[in-house]
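The block underneath contains the structure these notes are about, expressed in structure tokens.
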Amino acid sequence: MTSKQNNPNPWWGSFELPSLQSTQWSIGPLRLYVFNDGDEWRLGYHHSDVPLDDELILQKDVAIFPGDKVKLQKFVVSSEAKKFQLLARVADRPVVSHAESAFHVMPKSSITVYLSTPVWVEVKIDETSLIHIPSFRPSDSWFGPNTITGELCYTSITMVRYKKEILPKRCNRATTQLNIRNNGSDPLIVKSLKLPTPNLSLYVDPENQLWTQSLSVERAEDGTMAKIRLDDGPPQEEGPYRLVSSPRDNISRNMFVRALDALLKQSQEYHR
Amino acid sequence: MNDTESFFTIEQLATLTRTVIILFIGFATARLVTAGLGRYLKRRTSAQHNMVIRRMVHYSILALTLASALTEIGLDLSVLLGAAGVLTVAVGFAAKTSASNLVSGIFLMGEQSFGVSDIIGVDGYQGEVVSVDLLSIKLRTFDNRFVRVPNEKVLSSSVVNLTRFPIRRADLFMRVDYHENLDEIRDVLTEIARRNPICLADPQPLFLVKGFGDMGVDLQFSVWTTQANYIPARNTIQAEITKAFAENNIPLPKLHRVIVSDQSSREA
């Protein structure tokens with residue numbers, strides 16, 4: 001049995017899978033197979049070659065796990081569990097998004113941008129986490145002033161967007177609203193942004209689209225430091241949101257200060 | 001029997017017992033303190049500092065234990081220390097190399113160019129640092145050999161630390177025919193790096209025309225990756241380049257050898 005939905009129900013939640021039955025989820029580019037073999041659960045997954053694949057398909061009673069591409073793992077469970085949980089989680093590292101071309105934020109002005117990041121899928125049985133995989137594996141990236149100091153991140157395949165209306169709806173990606181305010185005396189040029197994804201909570205809107213907490217970055221008057229504030233949730237215009245998962249790394253929601261170049265970059269050049 | 005009794009008086013037996021107890025307690029304390037210190041320092045310092053501090057504490061406790069034991073059996077330590085002074089001069093001449101290694105070891109530990117578990121190249125060897133001791137460093141090479149390099153040699157030669165920085169560049173070299181379109185080749189290579197998740201998107205890959213060789217244009221394509229993914233990145237990228245070149249009809253030049261048989265010299 002296959003079901004494909006245009007306005008999909010959430011793919012996360014608790015699902016029943018009786019003994020000797022299997023199911024397959026297509027969550028964007030991720031193909032996830034779950035088989036309950038009684039005293040053992042088998043989980044397999046692979047990714048399609050289309051990174052922006054946005055299909056959400058639930059297929060029950062899959063006869064066998066297809067092909068060599070599937071990474072298969074077996075878990076022996078103590079109880080006769082018949083339920084498993086799928087959880088949507090934020091990425092486990094910060095994600096760097098690039099602007100199509102560098103944008104300038106003039107002194108004493110602000111801009112709101114939207115960033116899209118892939119979510120991770122966690123499978124749990126009896127509250128025990130079995131696997132934890134990205135719905136799409138983004139490329140690694142380095143974010144820092146040079147190749148010695150910096151942070152290992154992921155790079156987003158989607159560009160920074162400036163209008164909420166044109167955001168594509170994808171079941172495996174979460175959108176973040178980011179407000180940048182320039183209190184400095186000179187224009188702020190932004191080519192790429194590092195989103196502290198592990199510090200953000202994940203929410204779902206009434207249309208079952210995923211959002212993270214919004215955040216604001218305020219460039220200090222001295223031009224080198226930035227104040228960051230995590231909002232209480234996503235932007236409120238779209239209706240009530242429900243919390244899907246908590247941040248991986250909890251930090252204070254109050255303002256914290258970081259060097260500006262740890263969050264924003266004006267070019268992608270490194271000395272070779 | 002009488003001789004034995006006179007030799008081991010009760011008082012001497014008690015002294016001997018006390019000495020054994022002191023030694024036992026000293027050795028046990030050294031082990032316990034070192035193990036506890038190791039656990040305490042594990043998350044607070046580097047593996048190398050952890051090891052050095054543990055060894056210093058361990059040997060200090062053993063030295064104190066030994067001194068207490070010797071005092072207990074009635075040996076005058078001042079006489080021993082006096083003799084040690086004379087002995088030091090004699091040993092100093094004999095152990096000039098060891099002393100040099102010792103001083104080099106102290107400098108090495110202060111300099112911190114590498115530590116335990118770093119991958120380094122020194123004196124023609126490349127491998128993982130197993131320990132940094134006062135006289136030498138010990139390496140485990142990639143083919144699992146144990147190499148001891150004297151500290152003096154390490155201090156006086158160039159050391160390459162391959163794991164000092166979190167990311168690393170993998171340089172790949174190739175040669176293409178003169179008639180190939182280099183822009184197309186650059187696009188093919190860049191796309192390979194873009195699709196490989198363990199190649200860093202930033203710093204961007206480097207495409208470099210090295211020069212015009214005898215058999216074609218020499219190219220360098222460099223991608224950045226994390227230390228952990230260095231070997232997988234090298235292997236996957238090279239395999240993908242071969243595949244992509246075949247798909248895009250970009251042949252890699254082959255070496256042609258023309259053998260000329262000199263008939264005239266044979267006839268002569």
Side-chain angles (χ1 to χ4, degrees), chain A residues 29-30 46-53 71 91-99 102 117-118 120 133-160 190-195 261-272, chain B residues 112-115 118-119 160-173 186-210 219-237 239-241 243-244 247:
Chain A
L30 174 69
H46 74 94
H47 292 94
S48 78
D49 296 330
V50 188
L52 290 177
D53 190 349
K71 291 173 185 165
D92 56 359
R93 280 188 227 145
V95 178
V96 178
S97 298
H98 302 283
T117 53
W120 262 234
I133 40 176
S135 60
F136 162 69
R137 169 64 163 91
S139 284
D140 292 338
S141 189
W142 184 251
F143 196 91
N146 53 46
T147 54
I148 299 172
T149 51
E151 189 176 8
L152 187 64
C153 304
Y154 294 115
T155 190
S156 176
I157 53 164
T158 58
M159 293 289 171
V160 174
V190 183
K191 174 65 185 160
S192 46
L193 302 152
K194 187 185 80 175
L195 193 64
D261 60 8
L263 300 160
L264 310 175
K265 261 172 86 175
Q266 302 187 0
S267 79
Q268 283 177 255
E269 292 303 314
Y270 284 95
H271 295 292
R272 298 189 185 276
Chain B
Q112 295 186 351
S113 303
F114 54 84
D118 276 349
I119 308 287
V160 182
N161 188 339
L162 301 175
T163 48
R164 180 66 177 256
F165 303 129
I167 59 172
R168 189 174 166 194
R169 200 178 77 178
D171 295 336
L172 311 170
F173 300 96
R186 184 184 54 209
D187 292 346
V188 168
L189 294 172
T190 309
E191 181 61 14
I192 289 169
R194 195 187 66 78
R195 292 176 71 92
N196 193 324
I198 58 174
C199 289
L200 300 185
D202 200 16
Q204 292 173 345
L206 172 71
F207 175 81
L208 196 65
V209 179
K210 297 281 285 182
L219 303 176
Q220 177 185 336
F221 185 62
S222 302
V223 293
W224 287 85
T225 186
T226 56
Q227 288 291 351
N229 286 329
Y230 179 76
I231 290 176
R234 274 195 81 98
N235 286 337
T236 52
I237 288 283
E240 284 160 14
I241 288 175
K243 195 175 158 194
E247 284 170 0

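In what follows, chains are A, B, ... by sequence order, proteins preceding strands, each numbered from 1.
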- Task: For the residue pair A/W142 and B/P166, establish whether any side-chain heavy-atom pair is separated by less than 4.5 Å.
- Result: yes
- Item | Heavy atoms of other groups near B/I231 CD1, more than 12 under 6.0 Å | no
- Using the test side chain to side chain contact (heavy atoms under 4.5 Å, CB included), find all partners of B/F165 that sit at least two apart in sequence or belong to another chain. A/I148
- Message: Once rounded to the nearest 0.5 Å, what's the spacing between atom CG of B/L200 and atom OG1 of A/T147?
- Response: 10.5 Å
- Query: If you round to the nearest 0.5 Å, how far is OG of A/S192 from CG of B/D202?
  - Reply: 6.5 Å
- Which region of B/R194, side chain (C-beta onward) or backbone (N, CA, C, O), has a non-hydrogen atom less than 4.5 Å from a non-hydrogen atom of chain A, or is it both or neither? backbone
- Message: Please find the pair of heavy atoms, one from B/P197 and one from A/P138, that lie closest to each other, and give the distance.
- Response: CB-O, 4.0 Å
- Message: As a quick check of understanding, evaluate side chain to side chain contact (heavy atoms under 4.5 Å, CB included) for B/I167 and A/D140, giving each step before the final call.
- Response: CA-CA 11 Å; B/I167 59 172; A/D140 292 338; over 6 Å; no
- So which part of B/T226 gets closer than 4.5 Å to some heavy atom of chain A, the side chain, the backbone, both or neither? side chain
- Heavy-atom contact with chain A under 4.5 Å, split by part of B/N196: backbone
- Message: Ignoring hydrogens, what is the shortest heavy-atom contact between A/S139 and B/C199? Give both atom names and the distance.
- Response: CB-O, 4.1 Å
